[in-house]
Amino acid sequence: MRVTVLGYQSPYPGPGGATPGYLVETDQLRILLDCGSGVLANLGKHYPIYELDALFLSHYHHDHVADLGVLQYGLMVHQLFGERDPQKPLPIYAPNAPVENVQSLTYRAATAFQPIDEQATVTLGDLHVRFLRTDHGDGDPCYAMRLESGGKALVYGADSGPGTQWGSFLDEANLFIGEGTYLDHNLPQKPNGHLSVRQAAEVAESHGCGSLLLTHLYHGYDPAEVRRQAAGYTAGTCHVAEIGLQIHL
């Protein structure tokens with residue numbers, strides 16, 4: 001598998017930036033994980049949107065789905081132009097709540113909703129995906145995803161607070177894409193469904209992850225400080241997200 005960072009900032013994109021979105025490529029597939037603001041413009045540097053095989057949404061907060069409507073409209077246009085089969089809508093795998101969000105996922109012949117939860121498994125070509133509900137604080141479901149292909153495992157943690165019960169879901173992942181929403185100086189005293197950089201590093205270390213990609217970062221953070229606060233992760237390579245970064249598993 002190969003992962004390309006298309007966006008990583010939160011709660012909004014900085015100048016020239018983008019909020020969360022990741023291109024995952026296997027031998028057979030091109031998959032998009034989340035679809036934040038600015039993600040499609042960065043995807044276009046690698047592939048046209050009509051070459052996507054599926055979109056997986058962890059949850060419906062704006063920073064993770066802001067480009068969704070634009071993606072749907074673009075796919076419709078490519079179908080009209082004959083560049084994408086109108087009989088094959090792009091599957092969007094996403095939580096089945098809130099209902100008002102779910103209702104927007106099927107758009108004409110361009111996209112079709114496929115529900116996910118902790119009991120669901122998805123197999124597409126050479127990719128197998130399963131899901132874990134995270135501690136994200138506000139009641140609406142948010143799911144981490146474990147993607148396996150070619151003997152490699154990628155875990156996308158999505159938004160996951162310190163109460164997330166990882167169990168064996170994260171064990172020995174070749175790559176953990178973990179959120180580092182906070183640095184030490186702005187970490188709330190009361191947990192609110194997000195991890196700090198230091199906490200994400202501790203999670204990756206405790207589960208023996210082969211590498212760590214720190215993401216969901218405020219655009220004003222100093223990458224050197226992010227890396228310093230992730231010093232607790234020693235099991236492998238620590239990456240600080242930047243647009244265009246590619247990681248081969």
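When reading the values below, keep in mind they use all heavy atoms of this one structure, side chains included, and skip hydrogens, waters and symmetry mates.
Qualifying ring-ring contact (aromatic ring centres under 6.0 Å, His included) partners for His61, counting only residues two or more places apart in sequence or in other chains: His59, His136. Evaluation of the ring-ring contact (aromatic ring centres under 6.0 Å, His included) rule for His219 yields Tyr12 as partners, not counting sequence neighbours. By the ring-ring contact (aromatic ring centres under 6.0 Å, His included) test, Tyr8 is found to be paired with no residue, residues two or more places apart in sequence or in another chain being considered.
A continuous path of ILVMFWY side-chain contacts below 4.5 Å connects Leu55 to Val39, so both sit in one hydrophobic cluster. Taking hydrophobic clusters as Ile, Leu, Val, Met, Phe, Trp and Tyr residues chained together by side-chain heavy-atom distances below 4.5 Å, Leu245 shares a cluster with Phe176. Both Trp166 and Val129 are part of a single hydrophobic cluster, where members link through side-chain heavy atoms under 4.5 Å apart. Hydrophobic clustering, with ILVMFWY side chains joined whenever heavy atoms are under 4.5 angstrom apart, groups Leu213 together with Val24. Linking ILVMFWY residues whenever their side-chain heavy atoms come closer than 4.5 Å, directly or via other members, leaves Leu40 and Met76 in distinct clusters.
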Go through Phe56 and Ile92 one step at a time and tell me if the side chain to side chain contact (heavy atoms under 4.5 Å, CB included) criterion holds.
-> CA-CA 6 Å; Phe56 287 79; Ile92 301 178; over 6 Å; no
Checking side chain to side chain contact (heavy atoms under 4.5 Å, CB included) for the pair Leu105/Leu57: CA distance, chi angles, key distance, verdict?
-> CA-CA 10 Å; Leu105 295 189; Leu57 296 178; 4.2 Å; yes
Carefully, step by step, assess Thr164 and Leu132 under the rule side chain to side chain contact (heavy atoms under 4.5 Å, CB included).
-> CA-CA 9 Å; Thr164 300; Leu132 176 75; 4.2 Å; yes
Report the C-alpha separation of Leu217 and Gln9 in whole Å, then their side-chain angles, then the decisive distance to 0.1 Å, and conclude whether the side chain to side chain contact (heavy atoms under 4.5 Å, CB included) test is met.
-> CA-CA 5 Å; Leu217 304 170; Gln9 297 165 341; 5.9 Å; no
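In Gln165, the CD atom is not crowded: 12 or fewer heavy atoms of neighbouring residues, nucleotides or ligands sit closer than 6.0 Å. When the shell of 6.0 Å around CD of Glu225 is examined, it contains more than 12 heavy atoms from other residues, nucleotides or ligands.
Using a 4.5 Å cut-off on side-chain heavy atoms (C-beta onward), Tyr182 and Gln199 make no contact. Proximity of Val155 to Phe169: side-chain heavy atoms (C-beta onward) are separated by under 4.5 Å at one or more points. At least one side-chain heavy atom of Ser160 sits under 4.5 Å from a side-chain heavy atom of Leu195. Looking at Val3 and Leu154, their side chains come closer than 4.5 Å, going by heavy atoms from C-beta outward. Counting heavy atoms from C-beta on, the side chains of Leu170 and Cys209 come closer than 4.5 Å. Side-chain contact check for Val70 versus Leu68: every heavy-atom pair is 4.5 Å or farther apart. Asn186 places a side-chain heavy atom less than 4.5 Å from the side chain of Tyr221. Within the 4.5 Å cutoff, the side chain of Val122 has no heavy atoms near those of the His128 side chain.
With rounding to the nearest 0.5 Å, the separation of CG in Leu32 from CG in Leu6 is 6.5 Å. Here the NE2 atom belonging to His239 is positioned 8.5 Å from the CZ atom belonging to Arg227, to the nearest 0.5 angstrom. Going from atom OG1 of Thr181 over to atom CG of Leu187 covers 10.0 Å, rounded to the nearest 0.5 Å. To the nearest 0.5 angstrom, Tyr93 atom OH is 10.5 Å from Ile116 atom CD1. Rounding to the nearest 0.5 angstrom, the gap separating the NE2 atom in His78 from the CG atom in Leu90 is 12.0 Å. From Ile31, atom CD1 reaches atom CE of Met145 across 11.0 Å, with rounding to the nearest 0.5 Å.
Pairs engaging residues 142-171 under the salt bridge (charged side-chain N to carboxylate O under 4.0 Å, His left out) rule: Arg146-Glu148 [sequence neighbours left out]. Within the structure, every pair that satisfies the side-chain hydrogen bond (donor to acceptor under 3.5 Å, both in side chains) test and touches residues 21-41, not counting sequence neighbours, is listed here: Arg2-Glu25, Tyr22-Thr215, Glu25-Tyr47, Thr26-Asp126, Arg30-Glu51, Asp34-Ser58, Asp34-His64, Asp34-Tyr156.
Within the 3.5 Å criterion, the main-chain N or O of Ala109 finds a donor-acceptor partner in the side chain of Gln79. Proximity of a side-chain donor or acceptor of Asp67 to a complementary backbone N or O of Cys35 within less than 3.5 Å is not detected. Glu118 places a side-chain N or O within 3.5 Å of a backbone atom of Arg133 that can act as its donor or acceptor partner. Judged purely by atom type and a 3.5 angstrom limit, Gln229 has no side-chain atom pairing as donor or acceptor with the backbone of Val226. For Thr19 (side chain) and Asp63 (main-chain N/O), a donor-acceptor pair under 3.5 Å exists by modelled atom type.
Other residues sharing a hydrophobic cluster with Val99 under the 4.5 Å side-chain heavy-atom criterion for ILVMFWY residues do not exist; the residue is a singleton.
In this structure, a donor-acceptor pair under 3.5 Å is present between the side chains of Thr4 and Gln246.
The heavy-atom pair separating Pro20 from His216 by the smallest distance is CG-CD2, 3.9 Å. Minimum interatomic distance between His46 and Asn42 (heavy atoms only, all atoms of both residues): CD2-O, 3.3 Å. Taking each heavy atom of Leu127 and Ser149 in turn, the nearest pair found is CD1-CB, 4.1 Å. The nearest pair of heavy atoms linking Tyr233 to Ala204 is CD1-CB, 3.7 Å. Minimum interatomic distance between Pro162 and His194 (heavy atoms only, all atoms of both residues): CD-O, 3.6 Å. Closest non-hydrogen pair, Leu75 versus Tyr50, comes out as CD2-CA, 3.9 Å.
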